[in-house]
Amino acid sequence: MDIDKRAVSSPIPDETPAPTIGAPTFWGSDAVAAAIRALDIPFIALNPGASFRGLHDSLVNYLGNERPQMLLCLHEEHAVGIAHGYYRVTGRMMAAAVHANVGLMHATMPIFNAWCDRVPVLVLGATGPVDAAQRRPWIDWIHTARDQGALVRDYTKWDDQPASPAAAQESILRAALLANTAPRGPVYVCLDAGLQEARLDAAPAVPDATRFAPPPAAQPAPETLVHAARLLDGARRPVILAGRVGRGEQAWHERVALAEKLGARVLTDIKQATAFPTDHPLHAAPATTFLSPAGAEIVRAADVILSLDWNDLAGTLKTAFGTAPVTARIIQASVDLHAHRGWSMDYQGLPPVDCHLLAEPDVVVPLLLAGTTRATPASVPGKPAVPAAAPAGGEITVASLAAALNEALGDAPACFIRVPLSWSGEYRHFRHPLDFIGYDGGAGIGSGPGMAVGAALALRGSGRIPVALTGDGDFLMGVTALWTATHYRIPLLVVVANNRSFFNDELHQERVARTRGRPVENRWIGQRIAAPDIDLAAMGRAQGALGVGPVTEPAGLAKVLREAIDTVRSGAVAVVDVRVAAGYAGAMAAGMMRTGKAEGKA
Ligand SMILES: Cc1ncc(C[n+]2csc(CCOP(=O)(O)OP(=O)(O)O)c2C)c(N)n1
Ligand SMILES: [Mg+2]
């Protein structure tokens, strides 16, 4: 196969390189680039570094900065976060390139997030030259590490450091295969600078990536499926816990059809992308971070529970049943146990499971739809779930901010890329798989802006307004990600729910103080982001975005948001700093106060 030089129309600013004049030469990193092209990876987000200058050159001058197109980032955390957000919308893997050991060190947090979220990212790094005789003094030595992959091995699916251009191609293909096979996850390939810069005698081979594609999704064992269908047919109060599922519309309709056929009540998780229409009569309680009292009651009342890869099934059952035996029969549809490793406990507690369908929910649901015979749906009480109305006066709350945003958006389709920790599922209904794409997997604050840019990149031209509602702490850690959005003209609305605090942790200090009989009023010390207040709108403007605020009064908030939305519609990035009262919605606050020991953390 020859290198695929089809032109693609790049919707983002033209950074077409000047052509190379003269007889072509070929280099080790061209072989790496050829493998990336063969995989048809659309973008590579990066922060540059000499360790991968060979690859950088190949991306620009061998591939012509197309498929993948470079997205320059101001921090490696953004590069991986952008890839993460992009996958969340498209289900398509992106690449990120990070410099030697130091860039990888910056990238460890978002790699962990992607790992916990079971999201594939092809992370490319570099080292060396491994051959010490080729190293420049000083810098090449400090940026060379033995076994660099060890930095991320515990939270990647695979890592490699190939020793030749041919091995590097195989490594890239294997990395993509593993990353995209469920349970998915990030992979790391470390490219020796010497390998990248070795001269090749001829143009590199171009692998046929179709022969190294992920296998079809695993199917559950037929007898297990029959068992699950029998349990569901016999259930009087079935409950579906709709967890980590795909973004496909067909799968969405199949989940709804299954719930309706079974008369099953459905719970969703605000940490995950929307899995079920929240205004459906069977959606039984607003989605929350920790299981709400209403959710716990529904789980307790169930006689059969179908978990669709519900993250932390054991914790949910424990919240509902406490130390009492779990009376419901549990069906688990998940392949996640293949990702359970020793270092990180993102696998959560060990749930009791009576019937384990070792397949992804999107595979299982249509099979259960066909395999169940239930004729009369169980009777299910309806449920009122009305988004909060905007109060006229007083301080802005997250609830009233949500109401103003709902008003400003009207019926316009939007994708909520992020909601703040203080959000409650009551604040807005999600009726489509792309209405809300969940949290970051690893609860690593600072992920919001980067993931938002990646999701917004994926949403360009979709007609959906990308909306990221972040905390001020999250925004401040990641704000320079927005420059990538303005530079590449990726429209995005960022609304900061600015309580001028790392408020989540004020609640923790409050709980510790209560436990220890110490002054609760000191909870703010070491938490508040004030004196001076930070001008978040100016930080947005500094990245090239429209920056508005701080908005402090509820009156007029909807108008400000409407104008910001218009700006986003025109193709720009807008940041609105909204001062909100410090406070968390009931279930989140209750969950934090209830769970763990006094020193527990979010
Ligand atoms: C990388 C990282 N550092 C620290 C924390 C601990 N932490 C959890 S929530 C939180 C506060 C986040 O502040 P903000 O985004 O403003 O949200 P708020 O709680 O104020 O609504 C912090 C510091 C974390 N989860 N991740
Ligand atoms: Mg805050």
Side-chain angles (χ1 to χ4, degrees), residues 75-78 80-81 84 105-117 155 270-271 288-290 344-346 395-402 417-424 427 438-452 468-482 494-512 523-536 539-540 549-552 575-593 595-596 599-602:
H75 195 291
E76 289 82 357
E77 176 153 14
H78 310 332
V80 178
H84 187 169
M105 286 169 175
H106 270 183
T108 51
M109 179 69 255
I111 293 173
F112 180 68
N113 279 335
W115 165 259
C116 292
D117 207 20
Y155 41 97
I270 201 83
K271 301 187 291 306
T288 46
T289 302
F290 296 103
S344 159
M345 282 156 223
D346 56 275
E395 272 187 293
I396 300 172
T397 61
V398 175
S400 63
L401 166 58
I417 300 169
R418 178 61 60 101
V419 293
L421 293 167
S422 45
W423 188 263
S424 160
Y427 295 166
Y439 193 38
D440 66 9
I445 297 298
S447 62
M451 284 186 67
L469 254 161
T470 72
D472 49 325
D474 193 31
F475 176 83
L476 284 163
M477 282 197 203
V479 61
T480 54
L482 299 184
V494 179
V495 180
V496 188
N498 181 7
N499 52 20
R500 288 178 289 168
S501 174
F502 291 106
F503 184 72
N504 168 84
D505 289 82
E506 287 198 41
L507 292 180
H508 284 295
Q509 294 320 124
E510 176 178 333
R511 190 179 59 193
V512 174
R523 71 177 194 184
W524 65 275
I525 297 173
Q527 310 277 0
R528 290 280 163 95
I529 313 171
D533 287 340
I534 301 177
D535 189 342
L536 304 186
M539 292 184 84
V551 183
T552 55
V575 172
V576 186
D577 173 7
V578 182
R579 292 274 169 86
V580 296
Y584 270 17
M588 176 66 180
M592 292 178 55
M593 290 298 183
T595 52
E599 285 76 21
K601 55 187 170 49

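All ligand and atom numbering here is 1-based and tracks the order in the structure. Keep in mind that this is a model prediction, so the values were computed, not measured.
- Residue Met109 has no nitrogen or oxygen atom sitting less than 3.5 Å from a nitrogen or oxygen atom of ligand 1, judged on distance alone.
- With sequence neighbours excluded, no residue satisfies ring pair (Phe, Tyr, Trp, His ring centres under 6.0 Å) with Tyr439.
- The heavy atom nearest to atom 7 (N) of ligand 1, considering only Asp505, Asp440, Val496, is found in Asp505.
- Taking the charged nitrogens against the carboxylate oxygens, Arg528 and Glu506 do have a contact shorter than 4.0 Å, which makes a salt bridge.
- Considering backbone and side-chain atoms alike, Gly444 places every N or O at 3.5 Å or more from each N or O of ligand 1.
- Applying the ring pair (Phe, Tyr, Trp, His ring centres under 6.0 Å) test to Tyr155 and every residue at least two apart in sequence or in another chain returns Phe112, Trp343.
- With sequence neighbours excluded, the residues satisfying ring pair (Phe, Tyr, Trp, His ring centres under 6.0 Å) with His106 are His75.
- A 4.5 Å side-chain heavy-atom check between Gln509 and Ile525 finds every atom pair outside the cut-off.
- Ile529 pairs in a side chain to side chain contact (heavy atoms under 4.5 Å, CB included) with only one of the listed residues (Leu536, Asn498, Ile534), which is Ile534.
- Using a 4.0 Å cut-off between heavy atoms, Asp474 contacts ligand 1 through both its backbone and its side chain.
- Of the N or O atoms in Ala443, one or more lie within a sub-3.5 Å distance of an N or O in ligand 1.
- Protein N/O/S atoms found under 2.8 Å from the Mg ion (ligand 2), listed by chain and residue number: Asp472 OD1, Asn499 OD1, Ser501 O.
- Proximity of Asn504 to ligand 1, defined as any heavy-atom pair under 4.0 Å, is shared by backbone and side chain alike.
- Proximity of Ala582 to ligand 1, defined as any heavy-atom pair under 4.0 Å, is not found for any part of the residue.
- Heavy atoms of Phe475 found under 4.0 angstrom from ligand 1: none, in either backbone or side chain.
- Residue Met477 has no N or O atom closer than 3.5 Å to an N or O atom of ligand 1.
- A 4.5 Å side-chain heavy-atom check between Glu395 and Val580 finds every atom pair outside the cut-off.
- In Thr470, neither the side chain nor the backbone holds a heavy atom less than 4.0 Å from any atom of ligand 1.
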